[in-house]
2 protein chains.
Amino acid sequence: MGSTQLETVPEPKYWHLKTVLSEALDSEFAVGEILPNERDLAARFGVARATLRQALEQLELEGRLQRRRGVGTTVAPPRMGVAVGTEQHAWPGAAGDAWQSADCAQAAPPAAVAAILETDRNEVVHTVRRSRMSHGQPVAAELLYIPASSVPGLTAIDAPSGPARARAVLRELQHLELEGQERAVELGSARADDAKELDRLPGAPVLVVTTRFVAAGRVAALSVATYRADTCRLTFGDSGSVEIHHGPERQAS
Amino acid sequence: MGSTQLETVPEPKYWHLKTVLSEALDSEFAVGEILPNERDLAARFGVARATLRQALEQLELEGRLQRRRGVGTTVAPPRMGVAVGTEQHAWPGAAGDAWQSADCAQAAPPAAVAAILETDRNEVVHTVRRSRMSHGQPVAAELLYIPASSVPGLTAIDAPSGPARARAVLRELQHLELEGQERAVELGSARADDAKELDRLPGAPVLVVTTRFVAAGRVAALSVATYRADTCRLTFGDSGSVEIHHGPERQAS
DNA sequence: GAGTGGTCTAGACCACGGT
DNA sequence: CCGTGGTCTAGACCACTCG
């Protein structure tokens, strides 16, 4: 039989579905518009709900959709550019940074953190929690680890705990001369506490930005910031002004 | 009825499962070791296979596991640091960069790309495909868009097409003075062609690094690089030497 | 209470990799 | 060929939001 099936690769249904939906989003829906519910959509396309959900999950991962339990599925606006790597190095908490200090504690850091800080075990490490807003939405939650040796001028009198304490720690940090900072970005999933702060479910995809602040030849502070991967595009360099988007975008009425 | 249920939040099964598996990976498995198959694991934990898969998917997303159809599920090594933002700016294709040119064409770029390049419609844009290896594995696939006006010295004689043509285009690019580059990182899912190159299935999570190369006050080139999100940690700054990992790591025998 | 997305089940078949 | 992970189904119930 001389019939050679050339490249008959049966495309998975959910993949094809994703393509169809993606094109529909470009041409027939406005940002903020509510899609039909999952059961209706599944019926309309003649697939099981789980299959439809697989397509929706991908589109949400790509920032095209936003789903909220009890509410519905809406068309997401283009991702917002969030500046992460301002060229001029600066300590966290420097004037005009985008973060808001939330709390401060002196918990023992995780082992992986201690290894990077190269602290003796038992050395006190200040742990500052901060959050970052952009366009009225929470976009990131951060844990800052600062060995006590990096803030020698800190007095117990400054503030016992809470946001005031956090600001005091960061204020002390500015006295050190920052020699450099090294960043890394990787994919992660939101821990329960971060998820709550980011208004997402636990396990939601996040971009984890790890920054080591170097001063006096050692790591003087470590920041682990988790950004919502669905709504954020992390920008490095001069600006985050130019937008890349997927196609025609309209505004919901 | 004075019983106030305080914070009785029933944790989803797959989430608890993920935690259990994660701890088991830290303490009982070596890197490269093969886990029992999904049907056995599901039976062992008393859940449906779909539920177990939900947990495995999360762990794979976090770079803890690697799954391959027809083979099995293995314990992944810690993510490799991949340098992306070397501080000294340089054109793509400069001496010693990590990329290997694969091909070159003159296809019309997607609308979103044309918008960023601010090219007239119909202006010729060279499209170079490159790939990047690290530690013997493919880690990234890139599409480079270079308007013909950025490489005026390029002659048709240099090479008609293919890798040689790609190198010729990049060689011409070095003649321009690079004024700056702006990068953005966001989460995406692999297109079919990228997935093939990265040895993953279509839809696999990737980190999309978009770089605009600025020269003579305009965008002279645009790079869209997709990195495997499961195996890569993108590093910016001086080095990617320090490793963050999740716990005890051992080597498979 | 009605409607939404989130979780979970117990099956089935398919595509792929190695033997 | 067999065993693996990948896809798909047709249900069920739960958690949440909102009117």
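Sequence lines set the chain letters: A, B, ... in the order given, protein chains first and strands last, and positions in each chain run from 1.
Nucleotide dC16(D) holds its P atom 17 Å from the CD atom of Glu38(A), rounded to whole Å. Summarising the geometry, the separation between CD on Glu57(B) and P on dT7(C) is reported as 12 Å, rounded to the nearest angstrom. Straight-line distance from the CD atom of Glu11(A) to the C1' atom of dA15(C): 15 Å, rounded to whole Å. We find that CG of Asp199(B) is positioned 12 Å from C1' of dC16(C), with the value rounded to whole Å. In this structure, CD of Gln54(A) is placed 15 Å from C1' of dG6(C), rounded to the nearest angstrom. Rounding to whole angstrom units, CG of residue Leu41(A) and C1' of dG3(C) are separated by 15 Å. Between the CZ atom of Arg200(B) and the P atom of dG17(C) there is a distance of 13 Å, rounded to whole Å. Arg53(B) places its CZ atom 17 Å from the P atom of dA10(C), with the value rounded to the nearest Å.
Between Trp99(A) and Ala140(A), the closest heavy-atom pair is CH2-CB, 3.6 Å.
Between Asn37(B) and dG3(D) there is no side-chain N or O to OP1 or OP2 distance below 4.0 Å. The phosphate of dG5(D) (OP1 or OP2) has a side-chain N or O of Thr73(B) nearer than 4.0 angstrom.
A side-chain donor from one of Tyr227(A) and Arg132(A) sits under 3.5 Å from a side-chain acceptor of the other.
Checking dT7(D), dT17(D), dC8(D) against the side-chain heavy atoms of Thr51(A) singles out dC8(D) as nearest. Comparing dG5(C), dT7(D), dT9(C) against the side chain of Lys13(B) picks out dT9(C) as the nearest. The side chain of Arg69(A) lies closest to dA15(D) when the candidates are dC13(D), dA15(D), dG5(D). Checked against dG6(C), dT9(C), dT7(C), the side chain of Arg67(A) finds its nearest nucleotide in dG6(C).
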Would Glu142(B) and Arg129(B) satisfy salt bridge (Lys or Arg N to Asp or Glu O under 4.0 Å), going step by step from the backbone distance to the final call?
-> CA-CA 6 Å; Glu142(B) 181 195 42; Arg129(B) 245 204 171 292; over 6 Å; no
Worked check of salt bridge (Lys or Arg N to Asp or Glu O under 4.0 Å) between Arg191(A) and Asp194(A) | CA-CA 5 Å; Arg191(A) 295 193 318 274; Asp194(A) 289 331; 3.2 Å; yes
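Asp193(A) CG: more than 12 foreign heavy atoms inside a 6.0 Å radius. Within 6.0 Å of atom CG in Asn37(B), more than 12 heavy atoms from other residues, nucleotides or ligands are found, so the atom counts as buried in its surroundings.
Using a 4.5 Å heavy-atom cutoff, the side chains of Ile34(A) and Thr73(A) are not in contact.
Taking the C1' atoms of five terminal pairs at each end of the helix from dG1(C)-dC18(D) to dG18(C)-dC1(D), the two resulting helix axes are inclined by 20°, rounded to 10°.
Using a 4.0 Å heavy-atom distance criterion, Leu56(B) is classed as making no nucleic acid contact.
Not a single donor-acceptor pair, N or O on each side, falls under 3.5 Å between the base of dG3(C) and the side chain of Arg39(A).
When each of Arg49(B) and Ala50(A) is assigned the nucleotide of DNA chain C with its nearest heavy atom, Ala50(A) is the one assigned upstream, toward the 5' end.
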